[in-house]
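See below for the structure under consideration.
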Protein chains: 2
Amino acid sequence: MSLSLNALRAFAVTADTGSVTRAAEILHRTPSAVSMTLKQLEAEIGPPLFEGERKGTLTPTGHAVLAEARAALDRFDRAEAAIRAHAAGAAGRLVLSATPSATTHLLPEALVAFRARFPDVEIDLHDADSARVAEELLAGTVELGIASAPTTAQGLAFQPLYRDALGLVCRADDPLAAMTGPIGWAHLTGRTVMAHALSPSTPLPSAGGATSHGDEGAVTARTVTAALALVRAGLGVTILPRLTVPGADGDLAFVEMDGASAPPRTVGLLTRKGESLSAPARMFLETLGPCLDRLAGRLGGTFERL
Amino acid sequence: MSLSLNALRAFAVTADTGSVTRAAEILHRTPSAVSMTLKQLEAEIGPPLFEGERKGTLTPTGHAVLAEARAALDRFDRAEAAIRAHAAGAAGRLVLSATPSATTHLLPEALVAFRARFPDVEIDLHDADSARVAEELLAGTVELGIASAPTTAQGLAFQPLYRDALGLVCRADDPLAAMTGPIGWAHLTGRTVMAHALSPSTPLPSAGGATSHGDEGAVTARTVTAALALVRAGLGVTILPRLTVPGADGDLAFVEMDGASAPPRTVGLLTRKGESLSAPARMFLETLGPCLDRLAGRLGGTFERL
DNA sequence: ATGAAATTTCAGAAAATCTGAATATTCTGT
DNA sequence: ACAGAATATTCAGATTTTCTGAAATTTCAT
């Protein structure tokens, strides 16, 4: 036949305790069960494993078998632990790709929460624009993507997470800051609307937009930070997703724009279609939900949880 | 419950072959048995292991489990192989201590034969006089000893292997060389009988012996080789065990002495009493028997196998 | 859509393992 | 050396686990 793990375990415990009785207690068996298992093991191996009738001392063969048994049992136990940890999402890797806005505003909180629950999961976060998120997903480099809805969703599944309305960012002392309802392009006539290269997914109406706009495009900032600095300096206003604008900032104001003027972008979760997720990824999504709820609560109306 | 090796093996083989049917063939089971085992494993682990219904592709969890399962199975299989090898005497160490005469005349042949059968067993041979052989055995340094019967056999078991008669070594042109039957001290009157320090177990009758001897003790050689050289040079004769004297040597002759004059020493196997032997040691003893028979056949009457 | 192949389900059969009582052995203290 | 205590083994029956074979289901390819 073949050796069984059970038999090796019974042997190892008996050798350790030096007694069938105590081994039986540890293994939650009766002494007779352990005795029979041991007998069977010796029959399988050939030479005796214990020196006398009492199980106090091992034969040389017994020592050799014990060493091997220990190694095999140890490896098996660690494998079982690792398997359970993996299955529970408590081990492994979480590899995801996200757009800067998500990376900056959603993920920090989400990842902190995740890490608190699963400290042993490696986290690998890629920063990329929406197009690259899709690419990485299709290439298999990452397992999860967070980005706005992809134009070509071949092979990818998109699950909306939230709608991030675009809005006008202006100085707090700007007359526009006083407006409550959504504003449109009409309100911006004659204003300098700065373009910025945040991401291609932010639909700046600079090209092919209505001709009644202000002179948007005349000033272009490379980064969001730069654009905000210029707004603060009074150079003009700019249009950004709500999430991108720091929440508590006395100098700046955020005014929601109507959907026609600035269609809100939908940010969501990208996954490969028809492939199941790793346990860590599943657990991450579990922690992501409450996280979005909290965010919605903090940001109010302009942030719409989906 | 707990994971079973069987389940992991069924899973690994199924994942490897990508088919329950083929896995069942390899495992010598019916497909239904494998299917049930897999189902049970998935129930135990939680998340599914295979992507679709067909077993072609693994889920991320499946990949993690497969890696762990492989590691555990591999370790177990190697442990089983090692255990069987140990039990068969084909692995491990053979540590023995032997007196120079055994080391020189018996062990080379025995160890060559043993090594041919068990090339993977490490051999550690200690050279020591009879007293030290016993010491090493008691200290646990060695497992087997080959020496003459110990004076104090406390804790040691002695099993006679052969009787090595003492005999007179003289020049081939010595008148004594012509004698056929066993000779006694009477024949040596007036001769120079050289003492030598071969080993304390060689009973030289220099102290407390009969007074009718020759002037033995007047010349003492440190080694057997030296003693033989002196005999060859005509300085005198000496007394040695048969085994110690090179067999084919035209210059020297060996004449057996009667038991009363020179009691033959009994060389045997020393082991610790009440302790079983390692499998390699057992196998060595098995090869030792035939080896002694061959030696007896070659040396003839003066070498008595016991 | 249809047939072939693969997988799963199910009930009963077979095998392995366990228990509890009786028995045998070894150890310990006198 | 002996009796008693502790430990280990044996055995038969019970329990659990695992296997098989037939039937049903699903999937894949034509």
Side-chain angles (χ1 to χ4, degrees), chain A residues 1-59 62 65-66 69 73 76 80 273-276, chain B residues 1-59 62 65-66 69 73 76 80 273-276:
Chain A
M1 274 272 115
S2 161
L3 300 184
S4 84
L5 252 204
N6 259 345
L8 291 188
R9 179 156 272 139
F11 170 63
V13 175
T14 306
D16 282 343
T17 62
S19 144
V20 172
T21 311
R22 258 165 299 168
E25 283 167 19
I26 292 174
L27 297 167
H28 303 295
R29 302 268 136 75
T30 49
S32 70
V34 175
S35 177
M36 286 168 108
T37 305
L38 253 34
K39 188 187 168 75
Q40 206 172 322
L41 180 66
E42 284 194 333
E44 176 66 33
I45 288 180
L49 264 19
F50 292 98
E51 201 55 84
E53 295 305 313
R54 289 308 226 267
K55 310 299 179 182
T57 52
L58 293 169
T59 61
V65 172
L66 179 58
L73 287 169
F76 178 85
E80 174 164 2
K273 207 176 286 179
E275 264 187 40
S276 38
Chain B
M1 274 273 107
S2 161
L3 263 42
S4 84
L5 252 203
N6 260 344
L8 291 187
R9 179 156 271 138
F11 170 63
V13 175
T14 306
D16 282 343
T17 63
S19 143
V20 171
T21 311
R22 258 166 298 167
E25 284 167 17
I26 292 173
L27 296 167
H28 302 296
R29 301 269 137 75
T30 50
S32 71
V34 175
S35 176
M36 288 170 107
T37 305
L38 253 35
K39 187 188 171 75
Q40 206 171 321
L41 180 66
E42 284 194 333
E44 177 65 33
I45 289 181
L49 265 18
F50 293 99
E51 201 56 82
E53 295 306 312
R54 288 307 226 267
K55 310 300 179 182
T57 52
L58 293 169
T59 60
V65 173
L66 179 58
L73 287 168
F76 179 85
E80 173 163 1
K273 206 177 287 180
E275 265 188 40
S276 39

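Residue numbering restarts at 1 for every chain, and letters A, B, ... go by the order of the sequence lines.
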Could you tell me how far apart [X] ([atom1]) and [N] ([atom2]) are, to the nearest whole angstrom?
X: A:His28; N: D:dT16; atom1: NE2; atom2: C1'; result: 18 Å
X: B:Glu42; N: C:dT9; atom1: CD; atom2: P; result: 11 Å
X: A:Asn6; N: C:dT17; atom1: CG; atom2: C1'; result: 9 Å
X: A:Met1; N: C:dA15; atom1: CE; atom2: P; result: 10 Å
X: B:Leu27; N: D:dT20; atom1: CG; atom2: P; result: 11 Å
X: A:Leu38; N: D:dT10; atom1: CG; atom2: P; result: 11 Å
X: B:Glu25; N: D:dT20; atom1: CD; atom2: C1'; result: 16 Å
X: A:Glu51; N: D:dT7; atom1: CD; atom2: P; result: 20 Å

Interatomic spacing from NZ in B:Lys39 to CG in B:Leu49 - rounded to 0.5 Å: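 The distance works out to 13.5 Å.
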OP1 or OP2 of [N] less than 4.0 angstrom from a side-chain nitrogen or oxygen of [X], does that happen here?
X: A:Lys39; N: D:dT10; result: yes
X: A:Thr21; N: D:dA6; result: no
X: B:Ser19; N: C:dT7; result: yes
X: A:Lys55; N: D:dT9; result: yes
X: B:Gln40; N: D:dT18; result: yes

Closest heavy-atom pair and its distance - B:Pro31, B:Val20: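 Closest heavy-atom pair between B:Pro31 and B:Val20: O-CG1, 3.5 Å.
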Shortest non-hydrogen contact from B:Ala10 toward B:Leu27: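 Answer, listing the atom of B:Ala10 first, then B:Leu27: CA-CD1, 3.8 Å.
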When you get a sec, tell me which of [options] is the closest nucleotide to the side chain of [X]?
X: A:Arg29; options: C:dT7, D:dC19, C:dC18; answer: C:dC18
X: A:Thr37; options: C:dC18, C:dC10, C:dA16; answer: C:dC18
X: A:Met36; options: D:dT10, C:dT8, D:dT20; answer: D:dT10

Validation row: A:Leu58, A:Phe50 side chains within 4.5 angstrom (heavy atoms):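 Contact flag for A:Leu58/A:Phe50 side chains = yes.
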Heavy-atom donor-acceptor pair, B:Thr59 side chain to B:Pro48 backbone, under 3.5 Å: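 Yes, the answer is positive, given that a donor and an acceptor are paired below the 3.5 Å cut-off.
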